[in-house]
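Whatever order the structure lists them in is the order used to number ligands and atoms, beginning at 1.
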Amino acid sequence: MASARNGNGFLVGLIGSGVGTSLTPPMHEREADALGIRYLYRVLDLDDLGVPAPAVGKLVAAARLAGYDGLNVTHPVKQLVLDHLDELSPGAAAVGAVNTISFRDGVAVGHNTDVTGFSRALTTGLPGAALDTVVLLGAGGAGAALGHALLSLGVRELRVADLDPARAQGLAARLGDRATASPHGDPGLLDGADGLVHATPTGMVGHPGLPLPAELLSQDLWVVDIVYRPLETELLAAARDRGCRVLDGGRMAVFQAVDTFRIITGREPDADRMHHHFDSIARG
Ligand code: NAD
């Protein structure tokens, strides 16, 4: 077990904007309770603290000084924190974004468990899913992590689309030869594709709707939505109606928490138990 900086307990935080109702803190704390570990997970909301995103380095420095063992980092500071870390894991360096920071022996190391969490979610949630041609809708922070994960899993052709064409083009260029940018609204976007991975905020609480016309979804397509509030998005409901294999965003949310918990504590959490906890919180 990693030695906690706080006696026999761990102090962990979540930095982001509008994260007051995040399900990640209770997921970590309940798993720590089950393992008999003292664990305090605090929300450090940029909006509530009046800290503008570009000043995130001050908050990271304060957490390090105050004896935090680790942090989760989310929108809009996953890239902005890079300048305030001592080291990056290979995965975080490849993506150019961090969602987890560990403080060990005074060294701040950035990790990206969105990549590892998504990979494990896809391989366990849709076992055997064909990965020749996959469409990634959304080239923001999460989309970048998913693009790297999908290529690592063996996708041969990755089509990247985004409302903002420059984002799709930028991500496709960073991902290399197997990725291409597709125009937003292209009716042929899903032609011949095995799967669709959705990584835009469309369908989450406060952003209702479908990110693309339901008629484009054919029965032989698998569909993953990483939005998890709600778990059953309009996209997943439409895909299910049309006979597609589907996977909701809960599994990725849990596996990224599993990986972060292990990095910070050095203890292996029980992933099934964390799924169970997550389901009970997310479904109320
Ligand atoms: P972001 O703001 O960084 O990126 C979103 C991207 O989607 C932007 O590039 C935007 O231009 C694009 N976009 C918005 N609407 C679109 C549309 N209709 N069609 C095409 N492109 C569109 O956001 P993010 O951090 O990448 O997060 C995206 C979503 O993923 C959020 O809902 C977030 O909650 C979810 N998420 C889930 C997990 C998980 O563990 N399940 C992890 C990270 C993010």
*Asks:* Could you find the nearest protein heavy atom to atom 28 (C) of ligand 1 and give me its residue, atom name and distance?
*Replies:* Ala199 O, 3.6 Å
*Asks:* Any donor and acceptor pair, going by atom type alone, linking the side chain of Arg240 with main-chain N or O of Val246 inside 3.5 Å?
*Replies:* no
*Asks:* Which is it for Asn112 and His148 under the side-chain contact (heavy atoms from CB on, under 4.5 Å) test, yes or no, and what are the steps along the way?
*Replies:* CA-CA 11 Å; Asn112 195 315; His148 282 270; over 6 Å; no
*Asks:* Do you know the tightest heavy-atom contact between Arg167 and Ala139?
*Replies:* O-CB, 3.7 Å
*Asks:* Hey, is the main chain of Arg273 close enough, under 3.5 Å, to the side chain of Glu31 for a donor-acceptor pair?
*Replies:* no
*Asks:* Counting N and O atoms only, with roles assigned by atom type, does the side chain of Asn72 sit under 3.5 Å from a partner on the main chain of Asn99, one being a donor and the other an acceptor?
*Replies:* yes
*Asks:* Look at the side chain of Glu29 and the backbone N and O of Tyr41, then say whether any donor-acceptor pair between them is shorter than 3.5 Å.
*Replies:* yes
*Asks:* With atoms numbered from 1 as shown, which atoms in ligand 1 lie under 4.0 angstrom from a non-hydrogen atom of Met204?
*Replies:* 31 (C), 32 (O)
*Asks:* Between Ala161 and ligand 1, is there a nitrogen or oxygen pair with a distance under 3.5 Å?
*Replies:* no
*Asks:* What residue and atom, counting heavy atoms only, is the protein's closest point to atom 3 (O) of ligand 1, and at what distance?
*Replies:* Gly141 N, 3.0 Å
*Asks:* Show me which atoms of ligand 1 lie under 4.0 Å from any heavy atom of Pro201.
*Replies:* 5 (C), 7 (O), 14 (C), 32 (O)
*Asks:* For atom 29 (C) of ligand 1, tell me which residue out of Thr200, Thr113, Thr74 has the closest non-hydrogen atom.
*Replies:* Thr200
*Asks:* Give me the one residue out of Thr113, Thr124, Thr260, Thr116 that meets side chain to side chain contact (heavy atoms under 4.5 Å, CB included) with Phe255.
*Replies:* Thr124
*Asks:* Where the closest heavy atom to atom 20 (C) of ligand 1 is concerned, which of Asp114, Leu163, Leu146, Leu23 has it?
*Replies:* Leu163
*Asks:* For atom 42 (C) of ligand 1, what is the closest protein heavy atom, and at what distance to 0.1 Å?
*Replies:* Met252 CE, 3.5 Å
*Asks:* So which of Phe278, Phe10, Tyr39 actually passes ring-ring contact (aromatic ring centres under 6.0 Å, His included) with His28?
*Replies:* Tyr39
*Asks:* With a 3.5 Å distance limit and no angle check, can you tell me whether Glu234 reaches the backbone of Gly209 through a side-chain donor-acceptor pair?
*Replies:* yes
*Asks:* Would you say atom 14 (C) of ligand 1 has a protein heavy atom nearer than 4.0 Å?
*Replies:* yes
*Asks:* Would you kindly specify which portion of Asp162 sits under 4.0 Å from ligand 1, judged on non-hydrogen atoms: side chain, backbone, both or neither?
*Replies:* both
*Asks:* On a heavy-atom basis, I'd like to know which of Ile226, Leu231, Leu212 is closest to atom 30 (O) of ligand 1.
*Replies:* Ile226
*Asks:* Please report which non-hydrogen protein atom sits nearest to atom 4 (O) of ligand 1, along with the residue it belongs to and the distance in Å to one decimal place.
*Replies:* Gly140 CA, 3.3 Å
*Asks:* Please list the nearest protein heavy atom to atom 24 (P) of ligand 1 with its residue and the distance rounded to 0.1 Å.
*Replies:* Ala142 N, 3.8 Å
*Asks:* Is a side-chain N or O of Asp86 found less than 3.5 angstrom from the main chain of Val109, in a donor-acceptor match?
*Replies:* no
*Asks:* Give the numbers and elements of all ligand 1 atoms closer than 4.0 Å to a heavy atom of Arg167.
*Replies:* 4 (O), 8 (C), 9 (O)
*Asks:* At what distance, to the nearest 0.5 angstrom, does CG of Asp225 lie from OG1 of Thr200?
*Replies:* 8.0 Å
*Asks:* What atoms of ligand 1 come within less than 4.0 Å of a heavy atom belonging to Thr202?
*Replies:* 15 (N), 18 (N)
*Asks:* Please work out whether any backbone atom (N, CA, C, O) or any side-chain heavy atom from C-beta onward of His184 is under 4.0 Å from ligand 1, and answer side chain, backbone, both or neither.
*Replies:* side chain
*Asks:* List every atom of ligand 1 that sits less than 4.0 Å from any heavy atom of His75, numbering the atoms from 1 in the order shown and giving each element.
*Replies:* 2 (O)
*Asks:* Rounded to the nearest 0.5 Å, what's the gap from CG on Leu136 to CG on Leu146? Could you check?
*Replies:* 6.0 Å
*Asks:* Can you find an N or O of Leu137 that's nearer than 3.5 Å to an N or O of ligand 1?
*Replies:* no
*Asks:* By number and element, which atoms of ligand 1 are closer than 4.0 Å to a non-hydrogen atom of Val227?
*Replies:* 32 (O)
